[in-house]
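Below, chain A is the first sequence line, B the second, and so on; all start at residue 1.
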Amino acid sequence: MEFKAPRGTKDILPAEIEVWDRLVDTAKSVFGRYGYKRIETPVFESTGLFTRAIGETTDIVKKEMYTFKDKKGRELTLRPEETAPVVRAFIEHKMHVEGSLFKVFYWGPMFRYERPQAGRQRQFWQIGIEAIGSPDAALDAEVIQMASVYLHEIGLTGVKIHLNSVGDKCCRPKYTDALKVFLKQESEGFCEDCRIRADTNPMRVFDCKNRACGAKLREAPVIMRYLCDECKRHYADVTGYLDDLGIDHVHDDHLVRGLDYYTRTTFEIKHADLGAQDAVCAGGRYDDLVKQYGGPESPAIGFAIGMERAMLAVRTGNDREEEKSLDGYIIALGDDAKRKGMLLASNLRAKGIKTAYDFSGKSLKGQMKNADKAGSRFAVIIGENELKDGSVTIRDMETGEQRSVPVKEADTWLTKDSGI
RNA sequence: GUGAACGUAGCUCAAAGGCAGAGCACUGGACUGUGGCUCCAGUGGUUGGGGGUUCGAGUCCCCUCGUUCACCCCA
């Protein structure tokens, strides 16, 4: 075969689209219930938008972006994530209203040039939300609860909410300094990657899966001890509200975020069946990002859910019986019957009856088989006998019962709840 | 970017250097205008692509593309 879907991309075929649509429909329903409105932003943006927001030293910016120049030489990038575009739109359209929240949700494809793996693709879809305009810890709790409700409503069970705080611009530097000192002192105990991380982005050592490093990290300074009073208080409030809401969560000292813009609350929702890429949802606060981009002081929080990962996790134990996708399947025998059949199909569809017409030109037997495979409730047969008296034969594909009815009454028989 | 395994019919997989096969699916028949069950028969392949070794390669070697898993990183 000459052409295949590009590496790291996937077709979603009709057989799986039902689950896919459910993820989207549930997003509309759940996030709408919390007062979120949908936003749609371009799939590509100026490259600088992402390099500054995400961080020059992050892997996403350094090696994973689909960047290109257009014909006028503009530097553009296929979006690797959606927070920066939403923030850009928020500022550009001056959506800031003093004392009120900008609450939006979205779904769409994101692009990162990575080696594909279970739950990781080059084009992948995210469903996410952003709430811009409040520092309130109660908002954090509501957002986390909303994510949890969403995952519950798409039928995901066995998820675990991990929570941490990464501090803000005054207390985080103190912590990273302390961590750096520790990593330098104990450098023999760490792998090569971690030694490099000590300089570039020390908090990322907590992501290391090397067992020796993990053991060593138990002695590392813990960020909670270094948080300023405001951050400490904020985090305590978030967990307090979550407890009030009855949302299970675990504190995770080692939960750090890869993107530079995060402040204070960070969280991940993990699922055990996903393999190495076990986060189905991740998010956190980004209190400085809007200001940093020239907007008004607007503390904010958001999260994103990986749709393909959610699909993988939902897949297990979800073999629901599929609904009959057709009400009527029209089988015409001969040219005259064909004309009648086409017209009948058209009339039935106009009345909202799901109707397919058989174009195979096969025998009655062959067309009956097609009706069976198509999953129709009824077969509607038009042959010589029916042409003579202006009737059609309607056969219930479940019970095998059938009866002859006038063409004009076909619609009422096809919409009957039961029996024929 | 690094490492490992894998790539054979539409699908799931056999064939341990010697005739490319099975099950399911598909098509036809038994059953002439009646689907599902059963039985019988049939169609279907440049063994991912390219090169090499060999009398002979699906099998061994090299390159390449892709898949999977892990690392890295992340949704």
For A/Ala371, answer base if it contacts any base atom (sugar-phosphate contacts may also be present), sugar-phosphate if it contacts only those atoms, and nothing otherwise; contact means non-hydrogen atoms under 4.0 Å.
-> nothing
Scan every strand shown for a Watson-Crick or G-U wobble partner of B/G44, both distances under 3.5 Å, and answer none if you come up empty.
-> none
Taking OP1 and OP2 of B/C71, is either one under 4.0 Å from a side-chain nitrogen or oxygen of A/Gln117?
-> yes
Spacing between A/Lys63 atom NZ and B/U2 atom P, to the nearest angstrom = 10 Å
Calculate the interatomic distance between A/Glu401 atom CD and B/G35 atom C1'; express it in whole Å.
-> 15 Å
To the nearest Å, how far apart are A/Lys270 NZ and B/A75 C1'?
-> 12 Å
Extract from the structure each pairing of a protein N or O with an N or O of nucleotides 4-9 of chain B at less than 3.5 Å, listing the distance.
none

Can A/Glu114 and A/Arg120 be counted as an ion pair, charged N to O under 4.0 angstrom?
-> yes
A/Asp358 side chain to A/Asn370 side chain, donor-acceptor N/O pair below 3.5 angstrom = yes
Would A/Thr265 and A/Asp140 count as having a side-chain donor-acceptor pair, cut-off 3.5 Å?
-> yes
Minimum-distance pair of heavy atoms, taken over all atoms of A/Met146 and A/Phe303 = CE-CE2, 4.3 Å
When rounded to whole Å, the CD1 to P distance for the pair A/Ile305 and B/A75 reads 12 Å
Under 3.5 Å, is there a donor-acceptor pair linking the side chains of A/His162 and A/Asn164?
-> no
Taking the C1' atom of each, how far is B/U59 from B/A14, in whole Å?
-> 13 Å
Taking any strand in view, what nucleotide pairs with B/C39 in a Watson-Crick or G-U wobble way, both distances under 3.5 Å?
-> B/G29
Between B/U34, B/C71, B/A75, which nucleotide gets closest to the side-chain atoms of A/Ala282?
-> B/A75
The residue, A/Asp278 or A/Gly400, whose nearest nucleotide of RNA chain B is more 5′ is A/Gly400
Using a cut-off of less than 4.0 Å, is there contact between a side-chain N or O of A/Lys365 and OP1 or OP2 of B/G35?
-> yes
If you measure from CD on A/Glu409 to CG on A/Leu414, what distance do you get to the nearest 0.5 Å?
-> 11.5 Å
Verify the distance criterion only: is there a donor paired with an acceptor across the side chains of A/Tyr34 and A/Gln145 at less than 3.5 Å?
-> yes
Could you list the protein-to-nucleotides 26-28 of chain B atom pairs, N/O on both sides, closer than 3.5 Å?
| residue | atom | partner | partner atom | Å |
| --- | --- | --- | --- | --- |
| B/U27 | OP1 | A/Lys362 | NZ | 3.0 |

When you measure from the side chain of A/Met368, which nucleotide among B/G33, B/U34, B/C74 comes out closest?
-> B/U34
May I ask you to say whether A/Arg403 pairs ionically with A/Glu401, meaning some side-chain N is under 4.0 Å from a carboxylate O?
-> no
Taking atom P in both B/G58 and B/U47, compute the distance separating them and give it to the nearest angstrom.
-> 7 Å
Which value, in whole Å, describes the distance between the C1' atoms of nucleotides B/C31 and B/A41?
-> 16 Å
Once you apply the 3.5 Å cut-off to both distances, tell me the Watson-Crick or G-U wobble partner of B/G1, or none.
-> B/C71
Grab the CZ-P distance between A/Arg195 and B/C72 for me, whole Å please.
-> 15 Å
Would you kindly say whether A/Glu130 and A/Thr83 are connected by a side-chain donor-acceptor distance under 3.5 Å?
-> yes
B/U34 and B/G29, which share atom name P, separated by this distance in whole Å = 12 Å
Rounded to the nearest 0.5 Å, the CG atom of A/Leu333 sits from the CD1 atom of A/Ile381 at a distance of 7.5 Å
Mate of B/G58 across any strand shown (Watson-Crick or G-U wobble, both atom pairs under 3.5 Å) is none
Base, sugar-phosphate, or nothing for A/Gly334, non-hydrogen atoms under 4.0 angstrom?
-> nothing
Pairing nucleotide - B/G7, Watson-Crick or G-U, each distance under 3.5 Å = B/C65
Go through B/G35, B/C72, B/U67 for me and flag the one nearest to the A/Arg7 side chain.
-> B/U67
Watson-Crick/G-U partner (both atom distances under 3.5 Å) of B/U34 = none
Distance between C1' atoms of B/C69 and B/C62 (Å, rounded) | 25 Å
Can a donor-acceptor pair be found between the side chains of A/Glu386 and A/Thr393 at a distance below 3.5 Å?
-> yes
Derivation of the side chain to side chain contact (heavy atoms under 4.5 Å, CB included) call for A/Met65 and A/Phe50 = CA-CA 9 Å; A/Met65 295 205 306; A/Phe50 299 115; 3.9 Å; yes
Looking at A/Phe124, is A/Arg112 sitting on its ring face, NZ or CZ under 6.0 Å from the six-membered ring centre and within 45 degrees of the normal?
-> no
Would you mind classifying the nucleic acid contact of A/Gly119 as base, sugar-phosphate or nothing, using non-hydrogen atoms under 4.0 angstrom?
-> base
Give, ordered by number, those residues of residues 380-389 of chain A having at least one heavy-atom distance below 4.0 Å to an atom of RNA chain B; if nothing qualifies, reply none.
-> A/Ile381, A/Gly383, A/Glu384, A/Asn385, A/Glu386
Rounding to the closest angstrom, what is the interatomic distance between B/A16 and B/G50 at atom P?
-> 25 Å
In the 5'-to-3' direction, what one-character label does each nucleotide of nucleotides 39-46 of chain B receive under the scheme B = base within less than 4.0 Å of a protein heavy atom, S = sugar-phosphate only, - = no such atom?
-> --------
Excluding sequence neighbours, so at least two apart, what forms ring pair (Phe, Tyr, Trp, His ring centres under 6.0 Å) with A/Phe111?
-> none
Give A/Gln121 one of three labels, base, sugar-phosphate or nothing, depending on what nucleic acid heavy atoms sit under 4.0 Å from its own.
-> base
Which sits closer to the 5' end of RNA chain B, A/Ala279 or A/Leu364, going by the nucleotide each is nearest to?
-> A/Leu364
Not counting sequence neighbours, list each pair that qualifies as a salt bridge (Lys or Arg N to Asp or Glu O under 4.0 Å) and has a residue in residues 83-93 of chain A.
-> A/Glu45-A/Arg88, A/Arg88-A/Glu92
Is the shortest heavy-atom distance from the side chain of A/Asp260 to the side chain of A/Ile54 under 4.5 Å?
-> no
Does the side chain of A/Glu82 pick up a donor-acceptor pair with the side chain of A/Thr41 at under 3.5 Å?
-> yes
Counting side-chain heavy atoms from C-beta on, which of B/C71, B/C73, B/G35 comes nearest to A/Glu114?
-> B/C73
Considering only the P atoms, how many Å lie between B/G10 and B/C26, rounded to the nearest integer?
-> 15 Å
What is the distance from CZ of A/Arg122 to C1' of B/G66, rounded to the nearest Å?
-> 11 Å
For B/G21, which nucleotide in any strand shown is its Watson-Crick or wobble partner with both distances under 3.5 Å?
-> B/C13
Closest heavy-atom pair and its distance - A/Val149, A/Arg33 | CG1-NH1, 4.4 Å
Would you mind reading off the distance between A/Gln402 atom CD and B/G33 atom P, rounded to a whole angstrom?
-> 14 Å
Go through the N and O atoms of the side chain of A/Arg309 and the base of B/C74, and report whether any donor-acceptor pair is under 3.5 Å.
-> yes
Between B/G56 and B/G3, how far is it from one C1' atom to the other, in whole Å?
-> 35 Å
Length of the OH-C1' vector between A/Tyr113 and B/C74, whole Å = 17 Å
